[in-house]
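Report on one structure; see the data block that follows.
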Amino acid sequence: MNFDRLFLDFSVKKLHQMAGRIDTCLGKLTPDQLWARGNDNENAVGNLVLHLCGNVRQWIVSGVGGAADVRERDAEFAARGGQSPSELSARLRRVVDEAAAVLTAVTPERLGERIIVQKYDVPVLEAIYHVVEHFSGHTGQIIFATKMLTSEDLGFYRHLSAPAHAEKVP
């Protein structure tokens, strides 16, 4: 079994899965909800999506893939609107698709290669792991915020619920 390819393919799969969940959340939020903050120390869902776009692009598309690093990290958190849920969804999908293309092209030999991203000197494998972990954490925040703002069950784990007629095992 080629564990290098397994890691790379699973990373692509998880980024797509989580981007899909964020897309579901964005589809349920109004523009006001997208940019809602309880106070200045909180990030709105819109800020988190901009932040994920910046992070994925900087670490994977630029750091691993070699594209120019054009990230403006402070602007991700300073934004207070200006993009709709559908615009942010499209932007996130584009960045994740770019990252997936980079990861699909990574050879096993490159996983140990060291790169510098945000002044961190890390192996390519660590950069990829960081992005997937980071994306997962913020996806959880976006799901939580969406549930709080909409009072809806998003249904991501509905398939795990037992049918009403199923017997319970003691």
Side-chain angles (χ1 to χ4, degrees), residues 5-37 42-107 110-111 115 117-118 122 124-150 152-159:
R5 194 75 255 154
L6 184 66
F7 168 75
L8 292 163
D9 292 345
F10 186 72
S11 296
V12 168
K13 178 181 173 182
K14 291 307 287 182
L15 289 172
H16 279 298
Q17 179 192 50
M18 291 181 285
R21 289 185 178 171
I22 292 171
D23 187 56
T24 297
C25 292
L26 293 173
K28 296 191 176 291
L29 297 174
T30 66
D32 286 341
Q33 290 171 323
L34 177 67
W35 297 102
R37 291 170 173 245
E42 293 180 5
N43 291 309
V45 169
N47 297 107
L48 293 173
V49 175
L50 290 173
H51 177 59
L52 286 174
C53 290
N55 178 267
V56 170
R57 189 172 195 302
Q58 183 178 46
W59 282 78
I60 301 293
V61 179
S62 177
V64 176
D69 182 3
V70 295
R71 186 177 188 190
E72 295 180 30
R73 189 176 187 278
D74 291 343
E76 298 161 12
F77 298 105
R80 295 294 187 270
Q83 293 186 49
S84 70
S86 62
E87 289 169 327
L88 283 179
S89 180
R91 184 173 177 171
L92 183 64
R93 270 184 267 129
R94 276 192 309 273
V95 171
V96 169
D97 286 346
E98 285 181 76
V102 169
L103 294 177
T104 300
V106 170
T107 61
R110 284 214 53 222
L111 291 174
I115 58 174
V117 182
Q118 284 185 348
V122 297
V124 166
L125 186 142
E126 187 176 326
I128 297 165
Y129 192 82
H130 159 74
V131 167
V132 174
E133 175 272 331
H134 183 254
F135 205 102
S136 177
H138 287 309
T139 299
Q141 289 179 307
I142 291 167
I143 290 169
F144 180 79
T146 301
K147 288 179 176 184
M148 293 286 292
L149 292 164
T150 66
E152 286 188 46
D153 174 11
L154 301 173
F156 297 134
Y157 297 98
R158 197 170 289 134
H159 65 282

Looking only at non-hydrogen atoms, find the nearest pair between [X] and [Y] and report the distance.
X	Y	answer
P85	L34	N-CD2, 3.6 Å
G54	E76	CA-OE2, 3.4 Å
A67	S62	O-OG, 2.8 Å
R57	E98	NE-OE1, 4.4 Å
N47	W35	N-CZ3, 3.6 Å
L92	C53	CA-SG, 3.6 Å

**Message:** Below 30° counts as parallel, above 60° as perpendicular, anything between as tilted: where do the rings of H134 and H51 land?
**Reply:** perpendicular
message: In the structure I gave you, are the side-chain heavy atoms of V45 and Q33 within less than 4.5 Å of one another anywhere?
response: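 Side-chain contact under 4.5 Å: no.
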State, yes or no, whether a side-chain contact exists between V131 and L15 at a heavy-atom distance under 4.5 Å. yes
Using the test side chain to side chain donor-acceptor pair (under 3.5 Å), find all partners of [X] that sit at least two apart in sequence or belong to another chain.
X	answer
T24	none
Q58	D69, R71, Q118
R110	E113

Which distance, rounded to the nearest 0.5 Å, do you find between the [atom1] of [X] and the [atom2] of [Y]?
X	Y	atom1	atom2	answer
E72	L50	CD	CG	11.5 Å
I22	T139	CD1	OG1	3.5 Å
H138	M18	NE2	CE	11.5 Å
R21	L154	CZ	CG	10.0 Å
S11	I60	OG	CD1	7.5 Å
R91	S86	CZ	OG	13.5 Å

Practice item. Would you check, one step at a time, whether the test side chain to side chain contact (heavy atoms under 4.5 Å, CB included) holds for L8 with T104? Key: CA-CA 7 Å; L8 292 163; T104 300; over 6 Å; no
Criterion side chain to side chain contact (heavy atoms under 4.5 Å, CB included) on H130 and V122, from CA distance to verdict: CA-CA 10 Å; H130 159 74; V122 297; over 6 Å; no
Sub-3.5 Å donor-acceptor pair from the side chain of T146 to the main-chain atoms of I142, do we have one?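 Side chain of T146 to backbone of I142: a pair is present.
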Would you say that more than 12 heavy atoms from the other residues, nucleotides or ligands in this model lie under 6.0 Å from the [atom1] of [X], or not?
X	atom1	answer
F77	CZ	yes
F144	CZ	no
D74	CG	no

- Message: I'd like to know whether H16 forms a side chain to side chain contact (heavy atoms under 4.5 Å, CB included) with D97, so could you lay out the CA-CA distance, the side-chain angles of the two residues, the decisive distance to 0.1 Å, and finally the verdict.
- Response: CA-CA 8 Å; H16 279 298; D97 286 346; 3.1 Å; yes
